[in-house]
A.B. asks: 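Below are the structure tokens for one structure; questions will follow.
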Number of protein chains: 4
Amino acid sequence: MALTTEQRVHRAAVKLFAAKGFHGTGIRDLAQAAGISSASLYHYMGTKEDLLVGIMRECLDRLLLAARQTLDTMDEPADPADALSALVTLHVMAHAAQPDETRVVDNEVSALSRPARRWIVGLRDEYEDIWATTIAKGVAAGVFDAPEPAVTRLALLEMCTGVARWYSPRGPLPLDRLAARYAQLALRMLGSPSPPGGKAAERAREVAAQVWRIRP
Amino acid sequence: MALTTEQRVHRAAVKLFAAKGFHGTGIRDLAQAAGISSASLYHYMGTKEDLLVGIMRECLDRLLLAARQTLDTMDEPADPADALSALVTLHVMAHAAQPDETRVVDNEVSALSRPARRWIVGLRDEYEDIWATTIAKGVAAGVFDAPEPAVTRLALLEMCTGVARWYSPRGPLPLDRLAARYAQLALRMLGSPSPPGGKAAERAREVAAQVWRIRP
Amino acid sequence: MALTTEQRVHRAAVKLFAAKGFHGTGIRDLAQAAGISSASLYHYMGTKEDLLVGIMRECLDRLLLAARQTLDTMDEPADPADALSALVTLHVMAHAAQPDETRVVDNEVSALSRPARRWIVGLRDEYEDIWATTIAKGVAAGVFDAPEPAVTRLALLEMCTGVARWYSPRGPLPLDRLAARYAQLALRMLGSPSPPGGKAAERAREVAAQVWRIRP
Amino acid sequence: MALTTEQRVHRAAVKLFAAKGFHGTGIRDLAQAAGISSASLYHYMGTKEDLLVGIMRECLDRLLLAARQTLDTMDEPADPADALSALVTLHVMAHAAQPDETRVVDNEVSALSRPARRWIVGLRDEYEDIWATTIAKGVAAGVFDAPEPAVTRLALLEMCTGVARWYSPRGPLPLDRLAARYAQLALRMLGSPSPPGGKAAERAREVAAQVWRIRP
DNA sequence: CATGAATGAGGATTCATTCAT
DNA sequence: TATGAATGAATCCTCATTCAT
């Protein structure tokens, strides 16, 4: 199926904002990459910033959706180690499958205007809250050893987010094995080395496959 | 001690490049932040890019210097866990003490011209090689459990680098305790949960205090 | 009676050109005000300038028509004071009834291309000639005291034209009384304070009512 | 004495805004008329609108200053006819001496942003209040016959302002005689045909000569 | 050492207009 | 009849940089 022009614009923006940054990308770069004139660009977008906000919002929306879909389908009370495995799996798969989108989200927040920034940061905080809650449950249950839960959460998130900065689908490690490896690392960090027996990670892979259209 | 104008320019650039990005920072922003006119700026720098390269080079140089100074003073053959603790300690302290500098290094590589980029990426690779070697030694010695050493290295580095994105000296955790916590996380990730008995981490703190002028 | 789309376009243009000027009005403003797309606009007009020329031509045509109709139905030789009263009445009523149209005529001549400008200015000169002739007759007849007839004519015209800049139908003075007041002012300026006994002003009101559809 | 670049920019703007309107004047037109590049323009001005506001403010400031200086030096209680003669004289001389400036003030108010417009309109209202007060005094003293003082004021102002639209220093009538003629017209409009015996008009000519640098 | 003046190139965005549908 | 799509040219303004003073 051929792409609509609007989609081509969106993709060009994702690629260029990720590669050269928002301020480093000119309107002409975008137009050229989308295969239209710079004036035509404005039929498919509002401001350059609107484009950025749209990219960020969609990316964060998907991440939130995926996290909630995954956790909501778990038996309650869920095994914290299982839940965290799922979160890590999702996060890693998202960042490996959409490295450009997620890098834009991570790097270009400072390019947003005040109101847009508030909105986007709000979404991001919502997402991080899910992690915080999951970690807190594990600590409360005595499953996780995290003397400074906030620090641990940030360490985990940065580790997983970093995948977007180096992962290549042409690398030796298939994506699901990478995600599994990261889940293992995460549980080790939390002092919970036992392999998660639950099915959350598997469910996470399914959700990821659907949300980010990863593999058939 | 009063600052040189050149130093004021350097610091202004670090702060602004970190906050708004290289392309998002104008020459006039720099001049204003440095307290001089934009024409005078050119007495203390070459191009805007030279300024960026200078910041990156100095930051990486210090990191390399610190890593080498620390590892070189260890007894040979060093304990890999001990060595890795030292690397993590240094890296975390560097990124917490100089978050602006390190964020510039991490985020603005794409703003460099080809030759400058090669140079900077070369320095960065040199530094990462130290980590790779250390991890490899640990694996070879059977101390580390890292089925995919490269993946583990990247996970470790991203986790530690991320400190620059959130650490605040006004937070509850003192810097050395933060570094120790990260060292613990790192060793856990490597399946080497035993606390490092060696003195490398302590030595790392000394080096860090000297290189980045941390605490009296 | 519903308006033609063409009429809606015309009216939108009049309103906007008067309010924001020709150059200050975009083709999209026009389209929005007319309730159609900017592409559809071009089914009802030629260029943007054609629209402007059309507005100006119609406005001046009516003014000329009204002045001629009024003066032509006067007994010859007409009383100059009576004739001037009629001209002032017409001019004031026209500018009060169609302030937007007349302001466009007065303010946007400089926006016209050379050939269009020549045409429009020709029409305007034709109209002003009627005033000049009327004043000259009064001076020749010894009824008007106007040492500098040209200056007086311009003073009169500017005074009357100015009505378009401030008159509001919601003001305290009904339109015909306003016109009568201006006729009085005009005759005073010409040193002919005696109230015009003739019927020209009344005839002027009739013509105005017909040409600009003023009150039943 | 040679003109500074800033003055050249100011004058170019006055001339072009008057001739083609604010929106009809491009930044390149301004630059070319000032003899510099369009980028250099921005060393001597803020926004294009700032330039417009500056022109308007200065013009209105001078008019207000002149009116106050003139009226303040009259004996109290001043003769209303005398005072009005002075106002007319000033207004006419101002509009004849600075036709471009005053036309910009009169025609381009709609090009101002909201806050600027408020300010400028405020100045204009201040000025018109002086006329209103003077007329009211004359009416109260029984010297003026103005059944609708507001209408009369507007008629007077429009008449005098119109001078800027046609006066040429190369015309047959010297400026001071033109002003005297207009004063006569004004008093006739007010039903006060007797020549003003006072010295206000003379004083007005002196003030005008100083404020607008008219004749030695 | 310091800077006001200067600019060509480029920034994002809007312009009036055309045309295939 | 009506309009989405398209665009070259132009909009105002800022960019990094140079240079005479």
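Worth knowing before you read on, the calculation uses all heavy atoms, side chains too, and leaves out hydrogens, waters and symmetry mates. The model shown is predicted, which means the values in this text are computed figures rather than measured ones. Letters A, B, ... mirror the listed sequences (proteins, then strands); counts begin at 1.
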A.B. asks: Base, sugar-phosphate alone, or nothing: which one does A:Thr47 contact when heavy atoms must sit under 4.0 Å apart?
C.D. replies: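 It contacts sugar-phosphate atoms only.
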A.B. asks: Just by distance, do the side chain of C:Glu108 and the backbone of C:Phe22 share a donor-acceptor pair under 3.5 Å?
C.D. replies: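 The answer is yes, because a donor-acceptor pair under 3.5 Å joins these two groups.
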A.B. asks: For nucleotides 19-21 of chain E, list the nitrogen or oxygen atoms of the protein found under 3.5 Å from its nitrogen or oxygen atoms, one pair per line.
C.D. replies:
none

A.B. asks: Provide, to the nearest angstrom, the distance between the CG atom belonging to D:Asp50 and the P atom belonging to F:dT14.
C.D. replies: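 My rounded result for the distance is 11 Å.
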A.B. asks: What distance do D:Gln32 atom CD and D:Ser37 atom OG have between them, rounded to the nearest 0.5 Å?
C.D. replies: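 These two atoms lie 12.0 Å from each other.
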A.B. asks: Rounded to the nearest angstrom, tell me the gap between atom CD in C:Glu6 and atom C1' in F:dT1.
C.D. replies: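 It works out to 14 Å between those atoms.
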A.B. asks: Does C:Gln7 offer a backbone N or O that forms a donor-acceptor pair with the side chain of C:Thr4 under 3.5 Å?
C.D. replies: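 Between the backbone of C:Gln7 and the side chain of C:Thr4 there is no qualifying donor-acceptor contact (under 3.5 Å).
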A.B. asks: Under a 3.5 Å cutoff on both atom distances, Watson-Crick or G-U, what's the dot-bracket for DNA chain F ([ ] crossing, | other strand)?
C.D. replies: .||||||||||||||||||||
A.B. asks: Judged by atom type as modelled, is there a donor-acceptor pair below 3.5 Å linking the side chain of C:Glu49 to the main-chain atoms of C:Ser113?
C.D. replies: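 The answer is yes, because a donor-acceptor pair under 3.5 Å joins these two groups.
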A.B. asks: Do B:Leu41 and B:Lys48 come close enough that some side-chain heavy atom pair is under 4.5 Å?
C.D. replies: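 No, side chains not in contact.
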A.B. asks: OH of B:Tyr44 versus C1' of F:dA16: gap in Å, rounded?
C.D. replies: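 Distance check: B:Tyr44 OH to F:dA16 C1' gives 19 Å.
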A.B. asks: CG of D:Leu52 versus P of F:dC12: gap in Å, rounded?
C.D. replies: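 Taking CG of D:Leu52 and P of F:dC12, I get 13 Å after rounding.
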A.B. asks: Nearest nucleotide by nearest heavy atom, which residue falls closer to the 5' end of DNA chain F, A:Leu41 or C:Gly35?
C.D. replies: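 Result: C:Gly35.
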A.B. asks: Would the distance check show the side chain of C:Asp29 and the main-chain N or O of C:Gly26 forming a donor-acceptor pair, the cut-off being under 3.5 Å?
C.D. replies: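 The answer is yes, because a donor-acceptor pair under 3.5 Å joins these two groups.
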A.B. asks: Enter the distance from A:Thr47:OG1 to A:Asp50:CG here, rounded to the nearest 0.5 Å.
C.D. replies: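 It comes to 3.5 Å.
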A.B. asks: Which sits closer to the 5' end of DNA chain E, B:Ser37 or C:Glu49, going by the nucleotide each is nearest to?
C.D. replies: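 This one resolves to B:Ser37.
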A.B. asks: Write down the distance between CG (B:Leu30) and P (F:dT14), rounded to a whole number of angstrom.
C.D. replies: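 Taking atom P of F:dT14 as the reference, CG of B:Leu30 is at 17 Å.
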A.B. asks: Does D:His23 or B:Arg28 map to a spot on DNA chain F nearer the 5' end, using the closest nucleotide for each?
C.D. replies: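 Its nucleotide being nearer the 5' end, the pick is D:His23.
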A.B. asks: Mind checking A:Thr4 for me? I need base, sugar-phosphate or nothing, with any heavy atom below 4.0 Å counting as a touch.
C.D. replies: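 Counting heavy atoms under 4.0 Å across all strands, no contact is made by A:Thr4.
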A.B. asks: If only atom types and distance count, is the side chain of D:Thr25 paired as donor or acceptor with the main-chain N or O of D:Lys20 below 3.5 Å?
C.D. replies: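 Looks like no, no N/O pair under 3.5 Å.
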A.B. asks: Tell me the interatomic distance from A:Ile36, atom CD1, to F:dG8, atom P, rounded to whole angstroms.
C.D. replies: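 Roughly 12 Å, once rounded to whole Å.
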A.B. asks: Taking the side chain as every heavy atom from C-beta outward, state whether D:Arg103 and D:His95 have any pair of such atoms under 4.5 Å apart.
C.D. replies: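 No, every pair of side-chain atoms sits at 4.5 Å or beyond.
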A.B. asks: Please tell me which of B:Thr5 and C:Thr25 maps to the more 5' nucleotide of DNA chain E, matching each residue to the nucleotide holding its nearest heavy atom.
C.D. replies: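 Here B:Thr5 is the residue nearer the 5' end.
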A.B. asks: Starting at NZ of C:Lys20 and ending at P of E:dT14, how long is that distance when rounded to a whole Å?
C.D. replies: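 C:Lys20 atom NZ is separated from E:dT14 atom P by 13 Å.
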A.B. asks: Rounded to whole Å, please give me the gap between CD1 in C:Ile27 and P in E:dT13.
C.D. replies: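 In whole Å, E:dT13 P and C:Ile27 CD1 are 22 Å from each other.
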